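Treat the numbers as computed from the prediction; the structure is a model and nothing was measured. One-based numbering along the sequence shown.
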Amino acid sequence: MTNELKIFSNPGIENRNDFKIAKDIANALIRHMNEEEIVAKVARKHTLGAKSGEIQEIFLPKALDLGFVSEKKGIFREFPVSQLRPDYYLKINHTAGIIMEVERGKTLANNMDILDLWKCHICPNANYLFLIVPNIRQTTERRSNVFSAVVRRMNTFFTESTFTNVDGVFIFGY
(Lines give C-alpha, C1' and ligand atoms only; values in the text may rest on other atoms or scores of the structure.)
Protein backbone atom coordinates (compact mmCIF):
# COMPACT_ATOMS: atom_id res chain seq x y z
CA MET A 1 0.00 0.00 0.00
CA THR A 2 1.30 3.44 -0.90
CA ASN A 3 1.17 6.13 1.75
CA GLU A 4 -0.58 9.32 0.69
CA LEU A 5 0.13 13.05 1.01
CA LYS A 6 -2.46 15.80 0.61
CA ILE A 7 -1.43 19.45 0.88
CA PHE A 8 -3.69 22.37 1.68
CA SER A 9 -2.30 25.90 1.60
CA ASN A 10 -3.58 29.42 1.69
CA PRO A 11 -3.57 31.19 -1.69
CA GLY A 12 -0.53 33.10 -2.81
CA ILE A 13 2.12 31.29 -0.75
CA GLU A 14 3.34 28.81 -3.39
CA ASN A 15 6.46 30.87 -4.14
CA ARG A 16 7.33 31.78 -0.57
CA ASN A 17 10.61 30.30 0.62
CA ASP A 18 9.15 28.91 3.86
CA PHE A 19 6.40 27.07 1.94
CA LYS A 20 8.94 25.63 -0.51
CA ILE A 21 11.05 24.40 2.42
CA ALA A 22 8.02 22.86 4.14
CA LYS A 23 6.99 21.17 0.88
CA ASP A 24 10.50 19.79 0.30
CA ILE A 25 10.53 18.38 3.84
CA ALA A 26 7.07 16.87 3.29
CA ASN A 27 8.21 15.23 0.06
CA ALA A 28 11.29 13.79 1.80
CA LEU A 29 9.08 12.42 4.56
CA ILE A 30 6.53 10.82 2.22
CA ARG A 31 9.34 9.21 0.20
CA HIS A 32 10.66 7.76 3.47
CA MET A 33 7.19 6.60 4.51
CA ASN A 34 6.88 4.75 1.19
CA GLU A 35 10.16 2.87 1.57
CA GLU A 36 9.47 -0.86 1.66
CA GLU A 37 11.03 -1.32 5.11
CA ILE A 38 8.99 1.52 6.65
CA VAL A 39 5.74 0.30 5.07
CA ALA A 40 6.42 -3.16 6.55
CA LYS A 41 7.17 -1.73 10.03
CA VAL A 42 3.97 0.32 10.00
CA ALA A 43 1.95 -2.70 8.85
CA ARG A 44 3.30 -4.72 11.81
CA LYS A 45 2.50 -1.98 14.34
CA HIS A 46 -0.75 -0.54 12.95
CA THR A 47 -2.95 -3.20 14.50
CA LEU A 48 -6.02 -3.30 16.71
CA GLY A 49 -5.13 -1.72 20.07
CA ALA A 50 -1.82 -0.21 18.95
CA LYS A 51 -0.72 3.15 20.37
CA SER A 52 0.26 6.24 18.37
CA GLY A 53 3.63 6.18 20.16
CA GLU A 54 4.42 2.91 18.41
CA ILE A 55 3.85 4.58 15.05
CA GLN A 56 5.82 7.66 16.16
CA GLU A 57 8.83 5.47 16.93
CA ILE A 58 8.90 4.33 13.31
CA PHE A 59 9.01 7.90 11.99
CA LEU A 60 11.22 9.39 14.74
CA PRO A 61 14.62 8.65 13.14
CA LYS A 62 13.59 10.35 9.88
CA ALA A 63 11.95 13.25 11.72
CA LEU A 64 15.17 13.82 13.66
CA ASP A 65 17.21 13.48 10.45
CA LEU A 66 15.04 16.20 8.88
CA GLY A 67 15.74 18.48 11.86
CA PHE A 68 12.61 18.00 13.96
CA VAL A 69 12.88 18.08 17.74
CA SER A 70 10.74 15.64 19.69
CA GLU A 71 8.05 17.19 21.93
CA LYS A 72 9.39 20.73 21.80
CA LYS A 73 8.71 22.38 25.13
CA GLY A 74 7.98 26.05 25.60
CA ILE A 75 6.55 27.01 22.22
CA PHE A 76 3.18 27.65 23.91
CA ARG A 77 4.60 29.33 27.04
CA GLU A 78 2.72 32.62 26.47
CA PHE A 79 -0.67 30.89 26.57
CA PRO A 80 -2.71 29.61 29.51
CA VAL A 81 -2.38 26.19 27.87
CA SER A 82 1.41 26.26 28.04
CA GLN A 83 1.55 22.53 28.82
CA LEU A 84 0.67 21.81 25.16
CA ARG A 85 3.42 20.16 23.19
CA PRO A 86 3.61 18.98 19.61
CA ASP A 87 4.91 15.49 18.90
CA TYR A 88 7.70 17.13 16.87
CA TYR A 89 8.67 20.68 15.93
CA LEU A 90 11.00 22.20 13.34
CA LYS A 91 11.88 25.88 12.99
CA ILE A 92 12.43 26.56 9.30
CA ASN A 93 13.39 30.24 9.34
CA HIS A 94 13.06 33.33 11.55
CA THR A 95 9.28 33.52 11.19
CA ALA A 96 8.08 30.02 10.36
CA GLY A 97 8.03 26.53 11.78
CA ILE A 98 6.37 23.16 11.42
CA ILE A 99 4.41 21.24 14.03
CA MET A 100 4.28 17.52 13.31
CA GLU A 101 1.62 15.35 14.95
CA VAL A 102 1.31 11.59 14.63
CA GLU A 103 -2.20 10.26 15.29
CA ARG A 104 -3.73 6.82 15.31
CA GLY A 105 -6.89 5.73 17.09
CA LYS A 106 -8.36 8.98 18.40
CA THR A 107 -7.93 11.04 15.25
CA LEU A 108 -11.64 11.38 14.50
CA ALA A 109 -13.36 10.12 17.65
CA ASN A 110 -11.64 12.72 19.83
CA ASN A 111 -11.14 15.33 17.09
CA MET A 112 -7.37 15.16 17.47
CA ASP A 113 -6.90 16.46 13.93
CA ILE A 114 -8.84 19.61 14.85
CA LEU A 115 -6.89 19.97 18.12
CA ASP A 116 -3.64 19.69 16.15
CA LEU A 117 -4.77 22.41 13.74
CA TRP A 118 -5.76 24.58 16.72
CA LYS A 119 -2.30 24.08 18.27
CA CYS A 120 -0.72 25.30 15.04
CA HIS A 121 -3.24 28.15 14.82
CA ILE A 122 -2.29 29.54 18.25
CA CYS A 123 1.44 28.83 18.06
CA PRO A 124 3.44 31.94 17.21
CA ASN A 125 6.36 29.73 16.14
CA ALA A 126 4.57 27.53 13.62
CA ASN A 127 2.51 28.15 10.54
CA TYR A 128 2.63 24.68 9.00
CA LEU A 129 1.14 21.45 10.29
CA PHE A 130 2.32 17.99 9.30
CA LEU A 131 -0.49 15.66 10.32
CA ILE A 132 0.27 11.94 10.07
CA VAL A 133 -2.88 9.81 10.28
CA PRO A 134 -3.90 6.27 9.37
CA ASN A 135 -5.43 5.72 5.95
CA ILE A 136 -7.78 3.17 7.52
CA ARG A 137 -8.53 2.41 11.15
CA GLN A 138 -10.02 -0.94 11.98
CA THR A 139 -11.86 -1.47 15.25
CA THR A 140 -13.72 -4.55 16.42
CA GLU A 141 -16.97 -2.96 15.19
CA ARG A 142 -16.06 -1.12 12.01
CA ARG A 143 -13.53 0.14 9.52
CA SER A 144 -13.04 3.92 9.17
CA ASN A 145 -11.38 5.78 6.31
CA VAL A 146 -9.51 8.24 8.53
CA PHE A 147 -7.30 9.87 5.88
CA SER A 148 -10.26 10.81 3.67
CA ALA A 149 -12.21 12.16 6.63
CA VAL A 150 -9.27 14.29 7.81
CA VAL A 151 -8.74 15.62 4.28
CA ARG A 152 -12.43 16.55 4.08
CA ARG A 153 -12.33 18.24 7.52
CA MET A 154 -9.08 20.18 6.86
CA ASN A 155 -10.37 21.38 3.50
CA THR A 156 -12.91 23.43 5.46
CA PHE A 157 -10.10 25.66 6.75
CA PHE A 158 -8.72 26.35 3.29
CA THR A 159 -11.82 27.70 1.59
CA GLU A 160 -12.19 31.44 1.09
CA SER A 161 -14.91 32.05 3.65
CA THR A 162 -13.15 30.14 6.44
CA PHE A 163 -9.39 30.63 5.95
CA THR A 164 -7.19 29.85 8.91
CA ASN A 165 -3.97 31.61 9.83
CA VAL A 166 -2.18 28.29 9.38
CA ASP A 167 -0.44 28.69 6.02
CA GLY A 168 -0.43 25.01 5.16
CA VAL A 169 -1.48 21.58 6.34
CA PHE A 170 0.28 18.53 4.99
CA ILE A 171 -1.74 15.38 5.65
CA PHE A 172 0.15 12.11 5.46
CA GLY A 173 -1.80 8.86 5.36
CA TYR A 174 -0.11 5.66 6.51
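- Residue Ser9 comes nearest to Phe158 through the heavy atom pair C-CD2, 3.6 Å, listed as atom of the first residue, atom of the second, then distance.
- A side chain to side chain contact (heavy atoms under 4.5 Å, CB included) with Val169 holds for exactly one of Leu117, Ile7, Asn155; it is Leu117.
- Both Ile13 and Ile92 belong to a common hydrophobic cluster when Ile, Leu, Val, Met, Phe, Trp and Tyr are linked at side-chain heavy-atom distances under 4.5 angstrom.
- Residues Leu5 and Phe172 come closest through the heavy atom pair CD1-CE2, 3.7 Å.
- Hydrophobic clustering, with ILVMFWY side chains joined whenever heavy atoms are under 4.5 angstrom apart, keeps Val69 apart from Leu129.
- At least one side-chain heavy atom of Leu29 sits under 4.5 Å from a side-chain heavy atom of Met100.
- Closest heavy-atom contact between Ala22 and Phe130: O-CZ, 3.4 Å.
- No donor-acceptor distance shorter than 3.5 angstrom exists from the side chain of Thr164 to the backbone of Phe157, with no hydrogens or angles considered.
- His46 contributes atom NE2, which lies 5.5 Å from atom OH of Tyr174 (distance to the nearest 0.5 angstrom).
- Closest of all the heavy-atom pairs between Ala28 and Lys62 is O-CE, 4.1 Å.
- Counting all heavy atoms, side chain and backbone alike, Thr2 lies closest to Asn135 at O-ND2, 4.2 Å.
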Worked verdict on Lys20 versus Asn15 for side-chain contact (heavy atoms from CB on, under 4.5 Å): CA-CA 7 Å; Lys20 289 178 183 178; Asn15 293 319; 4.3 Å; yes

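- Separating the CG atom in Leu131 from the CD1 atom in Ile99 is a distance of 11.0 Å, to the nearest 0.5 Å.
- The side-chain heavy atoms of Phe68 and Leu60, taken from C-beta on, include no pair separated by under 4.5 Å.
- Look at Arg104 and Glu54 and you find no salt bridge, because none of the NZ, NE, NH1 or NH2 atoms lies under 4.0 Å from a carboxylate O.
- No more than 12 heavy-atom neighbours from other residues, nucleotides or ligands sit within 6.0 angstrom of NZ on Lys45.
- Between Glu101 and Lys119 there is a side-chain heavy-atom pair separated by less than 4.5 Å.
- For the pair Tyr88 (side chain) and Val102 (backbone), a donor-acceptor distance under 3.5 Å is absent.
- In this structure, the side chains of Cys120 and Tyr128 stay at 4.5 Å or more apart for every pair of heavy atoms.
- Side chain of Asn111 to main chain of Ile114: no donor-acceptor pair is present (N/O by atom type, distance under 3.5 Å, no hydrogens or angles).
- Using a 4.5 Å heavy-atom threshold, the side chains of Phe170 and Ile30 count as separate.
- Considering CG of Asn93 and CG of Asn17, their distance stands at 7.0 Å, rounded to 0.5 Å.
- The only option from Leu64, Ile132, Asp87 that meets the side chain to side chain contact (heavy atoms under 4.5 Å, CB included) definition with Phe59 turns out to be Ile132.
- In this structure, the side chain of Asn127 does not engage the main chain of Val166 through any donor-acceptor pair within 3.5 Å.
- The backbone N or O of Asn125 lies less than 3.5 Å from a partner atom in the side chain of Tyr89, making a donor-acceptor pair.
- By the 6.0 Å and 45° rule, Lys23 does not stack over the aromatic ring of Phe19.
- Summarising the geometry of Phe8 relative to Ile171, their closest heavy-atom pair is CE1-CD1, 3.8 Å, with the distance given to 0.1 Å.
- Interatomic distance, CG of Asn10 versus CD of Glu160, reported as 11.0 Å (0.5 Å rounding).
- One hydrophobic cluster, built from ILVMFWY side chains closer than 4.5 Å, holds both Trp118 and Ile75.
- Side-chain atoms of Asn3 come within 3.5 Å of backbone N or O of Met33 as a donor-acceptor pair.
- Of the inter-residue distances, the one linking Arg153 atom CZ with Ser148 atom OG reads 13.0 Å to the nearest 0.5 angstrom.
- In this structure, the side chains of Glu103 and Asp113 stay at 4.5 Å or more apart for every pair of heavy atoms.
- Between the CD1 atom of Ile58 and the NE2 atom of His32 there is a distance of 9.0 Å, given to the nearest 0.5 Å.
- Applying the side-chain hydrogen bond (donor to acceptor under 3.5 Å, both in side chains) criterion to Lys41, with sequence neighbours excluded, gives Glu37.
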